[in-house]
Visitor: 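Below are the structure tokens for one structure; questions will follow.
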Amino acid sequence: MSVTYPDGHRALSHIDLEIGDGEFIALVGPSGSGKTTLLRALAGFLDPTEGSIHIQGQPVAAPGRSTPVEHRGLGMVFQQHALWPHMSVAENVAYPLKLAGVPRQQRTDRVAEVLRLVELDGMERRRPDQLSGGQRQRVALARAIVHEPRVLLLDEALSALDEPLRAWLRSQLQAMSKKLGLTVVHVTHDRSEALAVLPREVVNTV
Ligand SMILES: Nc1ncnc2c1ncn2[C@@H]1O[C@H](COP(=O)(O)OP(=O)(O)OP(=O)(O)O)[C@@H](O)[C@H]1O
């Protein structure tokens, strides 16, 4: 799979990568090496200019055909993928469940459960502008996992957290990955974080 941006910049060249069900991988690499581009292509924010992408055996991107972001069954935490500012923490996290038609009481229970997981219980009614950067990141993470996606894409999603919390959330995600067969693709600059999970070498021949 290759990606050339409209200005002619070739960001990914012949990436050939297979990620197994339930695998938890870290993508590390120098700035500008194409990590975010790869994640955005998996998510469906941009299309490969050559080649194709399959998720759970289904083609989601091939020349002339692309499955929209919301139909790829993914959870994601992207730096630009901000929280909705007019919604409370609980409403932000509940939103994917609402879209999926989950009844109100089930929504409330599940939101409470994931907010406990990211240690934000008690913050349900706050708005994003009343939270710290790390708290916002945790809300975004809670929103990404609330509907139990099969695949989770994380772009520096734990970077604003201090070490004990980051390590704890990472281990929670690893446990979820093992228990639910959740596949996690994690872009990080932090080598210790990458080494704590399974680093995979992806050669971009640009
Ligand atoms: N919209 C765009 N148009 C043209 N070139 C782009 C665009 N977005 C990114 N690039 C270029 O594509 C290359 C890969 O960028 P990308 O953001 O994927 O790198 P990265 O590995 O995630 O970097 P970082 O670690 O700094 O976040 C870079 O050379 C970048 O300048």
Side-chain angles (χ1 to χ4, degrees), residues 1-20 23-55 59-83 128 132-145 149 151-163 165-167 169-170 173-174 177 182-206:
M1 184 274 276
S2 301
V3 172
T4 302
Y5 280 108
D7 68 355
H9 184 87
R10 192 162 171 86
L12 294 178
S13 182
H14 304 296
I15 297 294
D16 183 5
L17 170 66
E18 190 168 339
I19 302 171
E23 211 178 316
F24 193 122
I25 77 157
L27 287 176
V28 284
S31 174
S33 60
K35 305 179 295 295
T36 298
T37 302
L38 179 56
L39 224 53
R40 293 182 70 220
L42 292 175
F45 293 124
L46 60 82
D47 291 327
T49 36
E50 285 164 49
S52 60
I53 299 174
H54 291 68
I55 296 177
V60 294
R65 196 160 49 129
S66 180
T67 305
V69 180
E70 62 276 17
H71 292 147
R72 292 194 182 191
L74 306 167
M76 59 187 93
V77 182
F78 278 77
Q79 310 253 277
Q80 329 82 307
H81 203 70
L83 301 174
S132 72
Q135 289 167 339
R136 280 199 288 271
Q137 231 174 28
R138 281 182 279 156
V139 177
L141 185 60
R143 184 179 61 182
I145 60 178
V151 180
L152 184 61
L153 306 177
L154 304 176
D155 192 1
E156 299 282 352
L158 309 178
S159 62
L161 308 176
D162 54 25
E163 185 44 34
L165 183 58
R166 187 160 50 177
L169 275 178
R170 193 169 54 221
L173 286 172
Q174 282 173 296
S177 164
L182 173 69
T183 306
V184 182
V185 186
H186 185 189
V187 166
T188 177
H189 273 104
D190 181 339
R191 285 205 70 80
S192 65
E193 195 165 299
L195 293 173
V197 300
L198 180 64
R200 278 272 291 270
E201 189 174 17
V202 183
V203 179
N204 185 9
T205 55
V206 156

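Atoms within each ligand, like the ligands themselves, are counted from 1 in listed order.
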Visitor: With sequence neighbours left out, write down each residue that passes side chain to side chain donor-acceptor pair (under 3.5 Å) with Ser132, or none if nothing qualifies.
Guide: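 Here the qualifying residues are Gln135.
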Visitor: Answer whether the closest heavy-atom distance between the side chains of Leu38 and Val185 falls below 4.5 Å.
Guide: no
Visitor: Which value, rounded to the nearest 0.5 Å, describes the distance between Leu169 atom CG and Ile145 atom CD1?
Guide: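 Rounded to the nearest 0.5 Å, the CG-CD1 separation comes to 8.0 Å.
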Visitor: State which residues pass side chain to side chain donor-acceptor pair (under 3.5 Å) with Arg136; sequence neighbours excluded, sorted by chain then number.
Guide: none
Visitor: What's the spacing between Lys35 NZ and Asp155 CG if we round to 0.5 Å?
Guide: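 Atom-to-atom, Lys35:NZ and Asp155:CG are 8.5 Å apart.
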Visitor: Tell me, which residues have any heavy atom less than 4.0 Å from some atom of ligand 1?
Guide: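 Its neighbours under 4.0 Å (heavy atoms only) are Tyr5, Asp7, His9, Ala11, Pro30, Ser31, Gly32, Ser33, Gly34, Lys35, Thr36, Thr37, His189, given by chain and number.
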Visitor: What pairs with Ser2 under side chain to side chain contact (heavy atoms under 4.5 Å, CB included), at least two apart in sequence or on another chain?
Guide: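 Once residues adjacent in sequence are excluded, the partners of Ser2 under the side chain to side chain contact (heavy atoms under 4.5 Å, CB included) criterion are Arg10, His14, Glu50.
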